[in-house]
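Shown next, in structure tokens, is the structure this report addresses.
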Amino acid sequence: LLENPVITLEQGADGSMNLPKPSGQPTPAQAPSTTPSKPILLKVRNVAIKDGSFRMTTIVPQGGKQTIEVSGINVSLDQLANGSTTQLGLGASLAVLLPDGASLKGKISGKYDVALNPELLPQTVAGSLRADILSATGTLKEASGFSAGLTIDSTATELRQLKLAFEQGGQSFGSVALSGPFDLAKQEAQIRYQIAGIDRRVLKVAAPLLPYDLGRTAISAEGRVDLLKQGKVLASQGRLSVANLSLATPAGDKTPELQIVTEYQATVNQTEQSAQVEKLELTVTQSGRSIINGGLDQAMALSWAKSGQGL
């Protein structure tokens, strides 16, 4: 049991922080052992952090300060043992104060069931975490009643679902989801992604100081990301749509709504320090009239190796 731990961070306008600076010469890295090591044997019950707190204060260059405080941090693990199933519980309160005086208060709670193998590696993970904003003022006022839920359902070889969903006042308005097989030992994966219905409410919470109203703007996307050849090759393809994109100023000025669609297909090879863009298309329309309609007429090769040819 760890009770009442406190972490306080301060960041100055120049980016400096109240963290200890490293002293002395760095220790040379040792070559990893080729001899398989035996797994650590553990059998611990009722691991817990009780009533912890974290506070970060940032002095912004424009003047004033921003404060983020997480208090009442409670983390519990009913047991930690080889080949066991354990339950991880999380809970905390959140408070944010911006330089302009805007503030919000919320809470975080969640629970995950984790099955460990004899080497203490996760075999399955299932559960959810939820963050609720209980009150908000000033430039953050639109976040009042906003909530986000993170759901995870995974085995040791397949991410069945990792989904971040948003809602406000009981109304759902957007989600981000990942799924697909993976191999941690080979550092390889085939992950599908989908972004659905992200609208101005999510964007306003994500960027509260944005001086524009985004009107009916909505973002959606779908595609896949493949990690191949022991993580050395990254291949991705997909489609991104931004519907009804417009910006409105506090004075009432508003840009016309645009419909934006882009499709891509690309591969990055870290070993060869090169990339290949097989497809890149962009279409922009306004009131049914095409403004931009273009794309690559052939694949584009890129290289950042010293002996590479560039474009």
Side-chain angles (χ1 to χ4, degrees), residues 1-3 5 7 26-52 54 70 72-92 94 108-131 148-165 175-195 222-236 238 267-271:
L1 175 65
L2 179 61
E3 200 166 2
I7 299 176
T27 303
Q30 297 181 351
S33 173
T34 56
T35 304
S37 59
K38 294 183 179 180
I40 299 174
L41 298 179
L42 286 179
K43 191 172 184 180
V44 183
R45 292 186 179 276
N46 300 323
V47 180
I49 297 175
K50 185 177 180 181
D51 202 23
F54 168 83
V70 184
I73 300 173
N74 292 295
V75 181
S76 63
L77 200 64
D78 60 356
Q79 65 174 333
L80 183 59
N82 303 70
S84 68
T85 299
T86 186
Q87 189 172 84
L88 173 66
L90 305 166
L94 172 68
I108 302 169
S109 61
K111 190 174 292 185
Y112 291 97
D113 293 318
V114 183
L116 303 174
N117 67 9
E119 287 76 37
L120 290 176
L121 296 175
Q123 284 294 96
T124 62
V125 180
S128 62
L129 179 72
R130 182 180 175 94
L150 178 64
T151 302
I152 300 176
D153 183 6
S154 179
T155 69
T157 57
E158 182 181 9
L159 180 62
R160 294 170 178 164
Q161 183 185 64
L162 188 154
K163 185 175 183 179
L164 180 62
S175 63
V176 179
L178 304 177
S179 63
F182 63 89
D183 188 325
L184 290 178
K186 293 183 179 180
Q187 300 181 48
E188 296 181 353
Q190 298 174 350
I191 303 299
R192 296 177 295 276
Y193 68 84
Q194 183 177 46
I195 301 173
E222 61 179 350
R224 62 181 289 167
V225 178
D226 295 340
L227 202 56
L228 310 168
K229 297 184 178 179
Q230 296 185 325
K232 300 300 182 182
V233 175
L234 176 69
S236 182
T267 304
V268 177
N269 190 314
Q270 298 184 61
T271 302

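Starting from 1, each residue takes its place in the sequence as its number.
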Kindly indicate whether the side chain of I49, heavy atoms from C-beta on, has any atom under 4.5 Å from the side chain of P5.
->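 Heavy-atom side-chain distance check passes, below 4.5 Å.
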Counting only N and O atoms by type, is there a donor-acceptor contact under 3.5 Å from the side chain of [X] to the main-chain atoms of [Y]?
X	Y	answer
E188	Q230	yes
T151	S128	no
N74	G72	yes
Q161	S179	no

Minimal non-hydrogen separation, [X] against [Y], with atom names:
X	Y	result
F182	A156	CE1-O, 3.3 Å
V70	A92	CG1-CB, 3.7 Å
V47	V44	CG2-CG1, 3.6 Å
N82	P118	ND2-O, 2.7 Å

How many angstroms lie between atom [atom1] of [X] and atom [atom2] of [Y], to the nearest 0.5 angstrom?
X	Y	atom1	atom2	result
S84	Q123	OG	CD	11.5 Å
F54	L94	CZ	CG	11.0 Å
L2	I73	CG	CD1	10.5 Å
R192	E222	CZ	CD	11.5 Å
I191	S236	CD1	OG	11.5 Å
L116	L42	CG	CG	9.5 Å

[atom1]/[X]: more than 12 non-hydrogen atoms of other groups inside 6.0 Å:
X	atom1	value
E119	CD	yes
Q87	CD	yes
I40	CD1	no

Could you go through the side-chain contact (heavy atoms from CB on, under 4.5 Å) check for D183 and T157 one step at a time?
-> CA-CA 6 Å; D183 188 325; T157 57; over 6 Å; no
Kindly determine whether V75 and L88 satisfy side-chain contact (heavy atoms from CB on, under 4.5 Å), including the steps that lead there.
-> CA-CA 7 Å; V75 181; L88 173 66; 3.9 Å; yes
Check the pair V233, T267 against side-chain contact (heavy atoms from CB on, under 4.5 Å), reporting the backbone distance first and the verdict last.
-> CA-CA 7 Å; V233 175; T267 304; 3.7 Å; yes
Option passing side chain to side chain contact (heavy atoms under 4.5 Å, CB included) with L178 (candidates L159, L164, V225) |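 The side chain to side chain contact (heavy atoms under 4.5 Å, CB included) with L178 is passed solely by L159 among L159, L164, V225.
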